[in-house]
Chemist: 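Quick one: this structure, given as structure tokens, is what I'll be asking you about.
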Amino acid sequence: MAKEGKDYSKYFDFSGAKIISEDENGRIIRLNGRDIHLVSEPNYRQEKQRGKEQVQVHYENAVPDELKTLGAGKKYLIYTYGCQMNEHDTEVMRGLFDEMGYAQAEDRKEADVILLNTCAVRENAEDKVFGELGHLKTLKTEKPELILGVCGCMSQEASVVNRIMQKYAYVDLIFGTHNIHRLPHLLQEAHFGKEMVVEVWSKEGDIIENLPKKRAEGLRAWVNIMYGCDKFCTYCIVPYTRGKERSRLPEDVIAEVRELARQGYKEITLLGQNVNAYGKDFTDRNYRFGDLMDDIRKIDIPRVRFTTSHPRDFDDHLIEVLARGGNLVEHIHLPVQSGSSEVLKRMSRKYNREQYLELVRKIRAAIPNAVLTTDIIVGFPGETEEQFEETLSLVREVKFASAFTFIYSPREGTPAAEMTDDVPYEVKQRRLLRLNELIAELSLESNRELDGRIVEVLVEGESKTKAGVLSGRTRSNKLIHFEGPKEWIGQFVNVRVTAPQTWYIRAEAVCGETADAAAHAG
Ligand code: SAM
Ligand code: SF4
């Protein structure tokens, strides 16, 4: 763990900059010839802290009347990196742009505002953003009035903001994950002022309801149920960039889901970094994730998913509710990260191998057709060959249907980044390869179990590779390709599995037959 008294100024030090002015709205500094309005900057120490103050819920409108025409005649473009949480934040920002009168640009050349909604989870995600910023420099030089902004998790990192201010001085706007609702005001300042505007809140704010959302399609929708994470796994930057765990009130979540059902959405995914911690922060009621799922089960929306589950908080009540089925699908994404208790301990995951396997047994006993997927990190500092083998054996034992697998990436400021790492990178790469081979084997095996069975598919669109072929997902999120007319897009169709492959399944439509109960989880 980072010790008290550690020197955090290395992340954010502008002692060399000239202060032009300073008041209650922040400081204006001049750095390498560029004026920067520092309204608030990321503060590592504050991001680490967890305050006891009650979270407030706000319902007022984020776009004041005077800013409703700010975007008239202008176009915006958002590039989104990372997880579903970011995708959904982009939907909120698109909603805000819409309310300000901006139109969406088809091409970066016609955009008046370009935002990069960034991900900080691994180094390669960050490299991509810096690469893209480099490419955008030419555009900015050709079109100086273009507003170039960086938001999302990377903006919460002092070292990133530092680097942008020093080396990417043509950026106009930096804001973080806690003040997305401030976008209208920040854009106003960026359009009319000359300085780069930096407004990053280090302490998570309150919960802002009623933000407009422009969802990507009318079929599937993401619904935030909580924000932040208090788990502090030693490798992970998320608790710093997304703040403390805070749950939306059940009545607000349920109202949103009801509205989506009314609008005809077929599938929703409840979002949180650790959805199983939902409700832990309520002081006025005893209402947890199992209760929320039980209430949502009664809403007329055909499929309900959730991501991500932390094994530690996955309680018996939740298993009992999920076992009731209905619109609660049989797919559970349950990140394990490692099969070695020793590594799990150093990751501070707060469960061991046996506890994870016990949870899987309980889930399978209650929901026999449950399909499990996971996240795994290989090459955690000091991971031995034996410990990696334990991961392989756990993966074999659980028979995950698929997995997101990663090589450990050190994140500055996290405890794991300070651990001695004696595992050469080539060894980590080889481990990843071996793990991926095993996952591919298990994925094929799990797909083959469906051979000849009838499964229900929600048709999402045409296959990207072959004309006349539709693609969709089963309840357990398996990708199905089958021939059919475009009119079926957005509908549920029963198909018979004809040729299971490793990462997708070929099938044919069947009329008048219902999905095979045993293959429901297909
Ligand atoms: N909250 C989720 C959970 O605990 O399962 C995960 C959120 S994180 C954005 C998604 C995944 O990224 C994690 O499950 C983990 O496997 C991976 N990840 C996080 N930090 C990482 C790091 N420093 N290096 C490699 N992978 C990492
Ligand atoms: Fe990161 Fe762990 Fe929180 Fe997931 S539970 S977001 S891995 S700290």
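We number each residue from 1, following the sequence as shown. Order of appearance sets the numbers: ligands from 1, and atoms from 1 within every ligand.
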Chemist: Tell me if the aromatic rings of F314 and F289 count as close, with their centers under 6.0 Å from one another.
Modeler: no
Chemist: Taking only Lys NZ, Arg NE, NH1 and NH2, and the carboxylate oxygens of Asp or Glu, determine whether K214 and D98 approach each other closer than 4.0 Å.
Modeler: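 So K214 pairs with D98 through a salt bridge.
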Chemist: Could you tell me the residue and atom name of the protein heavy atom closest to atom 7 (S) of ligand 2, and the distance to it rounded to 0.1 Å?
Modeler: Y235 OH, 3.4 Å
Chemist: Provide the closest heavy-atom pair for S159 versus N162 in the form atom of the first, atom of the second, distance.
Modeler: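 Heavy-atom minimum between the residues: O-CB, 3.3 Å.
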Chemist: So which bit of R349 gets within less than 4.0 Å of ligand 2, heavy atoms only: side chain, backbone, both or neither?
Modeler: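 The side chain, only.
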Chemist: Is any N, O or S atom of C236 under 2.8 Å away from atom 1 (Fe) of ligand 2?
Modeler: yes
Chemist: Below 3.5 angstrom, do we get any N/O pair linking R411 and ligand 1?
Modeler: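 There is no such contact.
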Chemist: Measure across V423 and G382 and return the closest heavy-atom pair with its distance rounded to 0.1 Å.
Modeler: CG2-N, 3.8 Å
Chemist: Only heavy atoms of H310, strictly under 4.0 Å: list the atoms of ligand 2 that pass.
Modeler: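 Taking each heavy atom of H310 in turn, ligand 2 has 5 (S) under 4.0 Å.
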Chemist: I'd like the name of whichever of M347, Q273, E123 reaches closest to atom 6 (C) of ligand 1 through any heavy atom.
Modeler: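 Shortest heavy-atom distance from atom 6 (C) of ligand 1: Q273.
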Chemist: Under 4.0 Å from any heavy atom of P239, which atoms of ligand 2 are there?
Modeler: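 So the answer, numbered in order with elements, is 8 (S).
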Chemist: Please state which protein non-hydrogen atom is closest to atom 2 (Fe) of ligand 2 and give its distance, to 0.1 Å?
Modeler: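 Result: C233 SG, 2.3 Å.
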Chemist: Among all protein non-hydrogen atoms, which one is nearest to atom 5 (O) of ligand 1, and what is the separation to 0.1 Å?
Modeler: P335 CG, 2.9 Å
Chemist: Any N/O of N274 closer than 3.5 Å to an N/O of ligand 1?
Modeler: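 The answer is no, given that N274 and ligand 1 share no N or O pair closer than 3.5 Å.
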Chemist: Output yes when the distance from some N or O of ligand 1 to some N or O of Y408 is under 3.5 Å, and no in every other case.
Modeler: no
Chemist: How about atom 8 (S) of ligand 1: does it have a protein heavy atom within less than 4.0 Å?
Modeler: no
Chemist: What do we get for N274 next to ligand 2 when only non-hydrogen atoms under 4.0 Å count, side chain, backbone, both or neither?
Modeler: neither
Chemist: Which residue in the set K399, K478, E441 passes side-chain hydrogen bond (donor to acceptor under 3.5 Å, both in side chains) when paired with S446?
Modeler: K478
Chemist: May I ask you to check if ligand 1 and R349 share an N or O to N or O distance below 3.5 Å?
Modeler: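 Looking only at distances, the answer is yes, because the N/O contact criterion of under 3.5 Å is met.
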Chemist: Regarding ligand 1, does T308 bring an N or O atom to under 3.5 Å of one of the ligand's N or O atoms?
Modeler: no
Chemist: Would you kindly check if the NZ (Lys) or CZ (Arg) of R411 is within the cone defined by 45 degrees around the ring axis of Y235 and under 6.0 Å from the six-membered ring centre?
Modeler: no
Chemist: Do side-chain atoms of D230 reach the backbone of E245 as a donor and acceptor pair under 3.5 angstrom?
Modeler: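 Such a contact is found between D230 side chain and E245 backbone.
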Chemist: Look at atom 19 (C) of ligand 1 and say which protein heavy atom is nearest, naming residue and atom and giving the distance to 0.1 Å.
Modeler: V121 CG1, 3.4 Å
Chemist: How does F232 reach ligand 2, by side chain, by backbone, by both or by neither, if only non-hydrogen atoms under 4.0 Å count?
Modeler: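 It is the backbone that gets close, since no side chain atom is under 4.0 Å.
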Chemist: Identify, by atom number and element, the atoms of ligand 1 in contact range of Q337, meaning under 4.0 Å from any of its heavy atoms.
Modeler: 5 (O), 13 (C), 14 (O), 15 (C), 16 (O)
Chemist: Under the criterion side-chain hydrogen bond (donor to acceptor under 3.5 Å, both in side chains), I'd like the reasoning laid out for H88 against E91: C-alpha separation, chi angles, the key distance, then a yes or no.
Modeler: CA-CA 5 Å; H88 189 46; E91 292 182 339; 2.9 Å; yes
Chemist: Can a cation-pi geometry be assigned to R242 and Y227, taking NZ or CZ under 6.0 Å from the six-membered ring centre and within 45° of the ring axis?
Modeler: no
Chemist: Which of the numbered atoms in ligand 2 are under 4.0 angstrom from any heavy atom belonging to V238?
Modeler: 6 (S)
Chemist: Nearest to atom 11 (C) of ligand 1, what protein heavy atom do you find, and at what distance?
Modeler: D375 OD2, 3.4 Å
Chemist: As a check for students: among F406, Y235, F380, F404, identify the option with a heavy atom nearest to atom 20 (N) of ligand 1.
Modeler: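 The option holding the nearest heavy atom is Y235.
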Chemist: Using the ring centroid of each side chain, check whether F404 and H333 are separated by less than 6.0 Å.
Modeler: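 Between H333 and F404, which both carry aromatic rings, the centre distance is below 6.0 Å.
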Chemist: Name the closest protein heavy atom to atom 24 (N) of ligand 1, giving the residue it belongs to and the distance to 0.1 Å.
Modeler: S409 N, 2.9 Å
Chemist: Pick, from Q273, E245, K231, the option with the minimum heavy-atom distance to atom 4 (Fe) of ligand 2.
Modeler: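 Looking at heavy atoms only, Q273 sits closest to atom 4 (Fe) of ligand 2.
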Chemist: Is I407 touching ligand 1 with its side chain, its backbone, both, or neither, if touching means heavy atoms under 4.0 Å apart?
Modeler: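 The answer is the backbone of I407.
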Chemist: Quick check on K128: does its NZ atom have over 12 non-hydrogen neighbours (other residues, nucleotides or ligands) under 6.0 Å away?
Modeler: no
Chemist: Tell me whether N179 contacts the main-chain N or O of E199 through its side chain, where contact means a donor paired with an acceptor under 3.5 Å.
Modeler: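 Yes: the side chain of N179 pairs with the backbone of E199.
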Chemist: Between H181 and W201, is the ring centre distance below 6.0 Å?
Modeler: yes
Chemist: Can you see whether F282 has R285 sitting over its ring - NZ or CZ less than 6.0 Å from the centre and within 45° of the normal?
Modeler: yes
Chemist: Can you name the nearest heavy-atom pair linking Q273 to C229, along with the distance?
Modeler: CB-CB, 4.0 Å
Chemist: Identify the protein heavy atom lying closest to atom 27 (C) of ligand 1, giving its residue, its atom name and the separation to 0.1 Å.
Modeler: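 Minimum-distance protein heavy atom for atom 27 (C) of ligand 1 reads R122 NH1, 3.4 Å.
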Chemist: Suppose we measure from atom 3 (Fe) of ligand 2 to each protein heavy atom; which comes out shortest, and what is that distance?
Modeler: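 Checked against all protein heavy atoms, atom 3 (Fe) of ligand 2 sits closest to C229 SG, 2.3 Å.
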